[in-house]
Every structure is written in structure tokens, then in C-alpha cells.
**Q** 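The structure under discussion is supplied below as C-alpha cells; questions concerning it will follow.
As the structure lists them, so they are numbered: ligands from 1, and atoms in each ligand from 1. Not measured: the values here are computed from a predicted model.
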Amino acid sequence: MPNLMDFDAEGLSAWFSELGEKPFRATQTLRWLHRAGCADFQEMTDLAASLREKLLARAAIIPPALISDRVSGDGSRKFLFDVGGGNAVEAVFIPENARGTLCVSTQAGCALECAFCATGKQGFSRNLSAAEIIGQLWQVNRLLGRAPKEERIISNVVLMGMGEPLANFDNLLPALRLMLDDNAYGLSRRRITVSTAGVVPGIYRLRDECPVALAVSLHAPDDALRDTLVPLNRKYPLKDLLAACLAYLEKAPRDFVTFEYALIDGVNDSDAHARALLALTRPIPCKFNLIPFNPFPGSRYRRPRAERMRRFTEILLAAGKVATTRKTRGGDIAAACGQLAGQVQDRRARSDACGVSFVLEEQAS
Ligand code: SAH
């Protein structure tokens with residue numbers, strides 16, 4: 001029985017036509033489901049009773065179940081969702097004045113094993129379905145609906161939670177299309193950001209199939225260092241990654257790529273690193289988003305001192321670049337970047353050194 005949350009508009013209308021139903025019925029259902037946040041066919045009152053019965057017998061609406069909802073001292077909220085099989089994933093809502101950003105997960109765990117990331121340390125279980133990805137938005141929308149008005153707007157979505165979005169492209173795509181659809185969440189392309197550790201073929205696919213804002217987790221200005229921090233770099237080195245970024249800008253909704261750079265004490269935070277970063281990215285219209293390293297249990301790295309981070313930022317600014325430092329939010333509830341751990345049953349062969357070959361198989365299938 002299909003879960004209607006897995007379908008974007010096109011998928012839903014194809015399924016309705018198999019049922020012998022007109023496309024506008026699919027649109028009505030889509031609006032109920034995502035705009036009204038309705039999970040009960042019987043409440044979809046402008047559908048004919050006969051259609052409602054048919055839907056009840058042949059389809060289900062299953063969002064991921066909420067396990068917990070924790071509020072941080074700074075107002076950010078971390079939601080934990082059950083995705084079955086002993087796995088749970090996290091989404092984080094970060095309110096800011098009149099807007100709010102929801103950070104969404106795309107996989108239970110992550111196969112990339114970036115050296116400084118808690119999710120990577122946990123191993124990889126599986127890709128989330130489209131329903132589980134969009135379901136985070138669906139659930140949080142409903143839960144925020146009960147909060148005071150000014151705190152309940154999801155104006156931006158960032159695919160920066162657990163997992164590598166571009167290693168789960170087929171399920172990411174319908175979820176992105178729902179976020180963009182006026183009959184669903186109606187967000188503009190520039191308010192949705194996909195962040196990738198550098199899955200190069202995925203960047204080209206995203207450009208061609210659904211160009212939204214792109215963020216790339218760079219973290220190092222040369223291959224030797226990046227190989228150690230982001231093992232995926234051994235498969236897709238900086239030259240290929242930067243070429244993909246440039247190509248992405250042909251279709252990107254913003255005229256720049258955002259480079260994320262986690263500042264790690266004594267590892268990638270020197271003046272020389274900052275200058276090398278400028279030289280490396282010179283051909284690419286870009287902004288830098290610096291993320292002070294967020295510690296997690298068992299992590300061997302440290303955050304640089306404030307003065308070092310300030311100096312690193314200044315070098316970028318002096319070169320005329322835009323460089324922002326990501327405010328650490330939700331640190332007290334382990335909801336900051338790189339701290340999302342949820343609960344993951346690692347199903348990956350540990351012998352598979354850096355997970356790269358696994359990700360490629362996933363992509364090929
Ligand atoms: N896999 C995607 C999505 C994760 S986004 C990607 O790599 O882009 C989460 C962002 O936080 C990435 O830029 C990631 O590299 C960064 N990050 C991971 N662990 C971190 C940590 N401990 N401190 C600060 N940033 C971290």
C-alpha cells in the first residue's frame with residue numbers, strides 16, 4: 001500500500017490516474033496532506049465520499065513518529081523521529097526573528113565518516129524515504145502550529161541534518177519538489193539549501209533536476225588535508241568539486257555557492273589556511289560560512305580560540321569576501337552542527353574503509 005507522503009505532485013497524479021481519478025483530485029489531496037497537514041482521508045471533506053473510501057482502502061498516510069521534542073535555552077528545538085528498525089533521526093528548528101529555519105536529515109546515519117562529525121562516527125543504516133524526509137517538515141509544521149504565531153514559521157529549509165543528501169538523491173528529489181510546490185510548502189528555491197560533503201555527480205544532477213541553493217562542506221584548502229577530514233575527497237578531489245560548483249552556478253537560484261568551513265583548532269585554522277582557501281576558491285563566486293567546531297562525546301578535536309577565529313575571518317573579509325560565522329545554537333541539547341546523532345543501527349561493513357564505495361553503489365542503483 002503506498003504511503004502518499006512519498007509522492008510529489010507528479011507522482012501523486014500518476015498514482016491517481018492509475019486509480020482512474022482526475023489530476024485535480026490529486027492536487028486537492030496534496031493540499032490537504034501538506035498545506036493543511038491532514039493525515040486522515042475522512043477529514044478531506046471536499047473529496048467525494050466514494051473517493052475517500054477508495055483512498056482509505058488503497059493508500060496510507062504515514063509520517064515519521066515523533067519520539068521527543070526538546071527546547072534549547074536559546075529557543076532552538078530538536079525533534080527526534082522514529083524511522084523504524086531501531087533507527088531515529090533528528091530535525092532542528094532554529095527560530096530567528098520573523099523567520100525560522102528547519103534543519104532536516106536525509107539518512108539514518110552517514111557513510112562518509114568525516115573525521116569531525118558525530119553522525120559519521122555512528123555509521124550508516126539506510127537512506128530515508130521521501131516520506132521520512134518531507135515528513136520531518138510535515139510534523140514540525142503541525143507541532144509549531146500550536147506555538148505563538150511569530151515562532152511558527154518555517155521560512156527556510158536546510159538539508160544539513162544527519163546524512164549526505166546527495167547520496168540519497170532519488171528520495172531527496174520528491175521531497176525538494178514538495179518543499180517548492182505551492183500546493184504543498186511553497187518555499188522559493190533560494191530558501192532551500194542542500195549541503196553536500198562533495199558528491200560531485202549529485203551536484204550535476206541537482207543542477208539539472210532541481211537547482212536550489214547549494215552549500216558545500218569544504219573544511220580544507222588542499223587535497224592532502226581534506227583527504228583526512230572528509231574521506232570522500234579521495235574519490236572526488238577538490239579540482240573536480242570546484243568544477244562542479246562552477247557548473248552549478250549556471251542554474252543556481254543564488255549567484256554564489258556557500259562554502260562551509262568548520263574551524264578546528266590547530267588543524268585548518270591558520271592564516272596560511274585562510275589564504276590558501278582564498279586562492280583555491282578565487283574562480284568561484286562564493287560566500288563562506290565558518291562553523292566553530294562543535295565538540296561531541298569522543299571527539300578528539302577542539303574549537304579554536306575566539307581570537308584565532310576572528311583573525312581567520314578577517315583574512316577572508318579583507319579579500320572582499322563575505323564570511324559569516326554560524327552562531328552555535330542548540331549546543332545544550334546536542335543540536336548544533338555535527339552533533340546530531342539520533343540513534344543508528346550501523347549496517348555497513350566496517351571493513352569498507354571510508355564508506356565511499358558504498359555511497360557510490362547507492363548512487364548507481
Ligand atoms: N553531509 C552534508 C550535510 C551535513 S551538514 C554535508 O557534509 O554538507 C552539516 C554541516 O556541519 C557540514 O558542513 C558538516 O561538515 C558540519 N559539521 C559536521 N560536524 C561538525 C562539528 N563537529 N562541528 C562543526 N561543524 C560540523
Side-chain angles (χ1 to χ4, degrees), residues 89-92 94 101-122 124 127-128 133 136 156-169 172 176 192-200 202-203 206 212-220 225-226 228-233 235-236 241 244-245 248 257-265 267-269 286-304 309 312 324-331 334-342 344 354-356 359 362-363:
V89 299
E90 294 175 331
V92 181
I94 306 137
T101 300
L102 186 68
C103 178
V104 168
S105 293
T106 54
Q107 298 181 313
C110 188
L112 298 185
E113 291 195 86
C114 295
F116 49 85
C117 177
T119 307
K121 294 274 175 258
Q122 292 203 303
F124 176 76
N127 283 328
L128 297 188
I133 299 172
Q136 296 166 59
N156 296 63
V157 174
V158 295
L159 286 300
M160 295 187 185
M162 297 168 67
E164 168 50 48
L166 297 183
N168 183 15
F169 199 96
L172 174 71
L176 290 177
I192 302 171
T193 302
V194 168
S195 177
T196 180
V199 180
V200 165
I203 295 175
L206 191 68
V212 292
L214 180 69
V216 172
S217 295
L218 214 48
H219 307 315
L225 179 58
R226 195 163 191 270
T228 68
L229 294 176
V230 183
L232 182 68
N233 194 66
K235 187 74 204 171
Y236 303 117
L241 178 56
C245 291
Y248 195 84
V257 170
T258 300
F259 288 122
E260 294 158 284
Y261 195 101
L263 285 167
I264 308 173
D265 184 37
V267 173
N268 64 355
D269 64 341
C286 62
K287 293 185 181 175
F288 295 101
N289 192 214
L290 305 173
I291 317 172
F293 172 71
N294 290 308
F296 53 89
S299 62
R300 58 197 162 104
Y301 296 117
R302 277 182 323 222
R303 181 177 295 186
M309 297 196 285
F312 192 98
T324 51
T325 302
R326 197 175 289 181
K327 263 189 266 167
T328 294
R329 304 275 306 257
C337 300
Q339 293 182 326
L340 299 187
V344 173
C354 63
V356 170
V359 171
E362 287 275 312
Q363 282 242 308

**Q** So, using salt bridge (Lys or Arg N to Asp or Glu O under 4.0 Å) as the criterion, who are the partners of Lys287 when residues are at least two apart?
**A**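 Salt bridge (Lys or Arg N to Asp or Glu O under 4.0 Å) check on Lys287 returns nothing, list empty.
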**Q** Would you call Leu218 and Arg226 a side-chain contact if the rule is heavy atoms closer than 4.5 Å?
**A**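 Yes - at least one pair of side-chain heavy atoms lies under 4.5 Å apart.
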**Q** Do any nitrogen or oxygen atoms of ligand 1 lie under 3.5 Å from a protein nitrogen or oxygen, and which ones?
**A**
unit_1, atom_1, unit_2, atom_2, d
ligand 1, 1 (N), Gly163, O, 3.1
ligand 1, 1 (N), Glu164, OE1, 3.0
ligand 1, 7 (O), Ser217, OG, 3.3
ligand 1, 8 (O), Ser195, OG, 2.6
ligand 1, 8 (O), Thr196, N, 3.4
ligand 1, 8 (O), Ser217, OG, 2.6
ligand 1, 13 (O), Ser217, OG, 2.7
ligand 1, 13 (O), Glu260, OE2, 3.2
ligand 1, 15 (O), His219, NE2, 2.6
ligand 1, 19 (N), Phe116, O, 3.3
ligand 1, 22 (N), Phe116, O, 2.8
ligand 1, 22 (N), Asn294, O, 2.8
ligand 1, 23 (N), Asn294, N, 2.9

**Q** Ignoring hydrogens and geometry, is there a side-chain-to-backbone donor-acceptor pair from Asn168 to Asn127 under 3.5 Å?
**A**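 Answer holds: no.
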**Q** Do any N or O atoms from the side chain of Lys121 and from the backbone of Phe116 form a donor-acceptor pair under 3.5 angstrom?
**A**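 Answer holds: no.
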**Q** So do Ile192 and Leu159 actually touch side chain to side chain, heavy atoms under 4.5 Å?
**A**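 Side-chain contact under 4.5 Å: yes.
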**Q** Using the side-chain hydrogen bond (donor to acceptor under 3.5 Å, both in side chains) rule, pick out the option among Thr324, Thr325, Thr193, Thr258 that qualifies with Asn289.
**A**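 It is Thr324, the one option of Thr324, Thr325, Thr193, Thr258 that forms the side-chain hydrogen bond (donor to acceptor under 3.5 Å, both in side chains) with Asn289.
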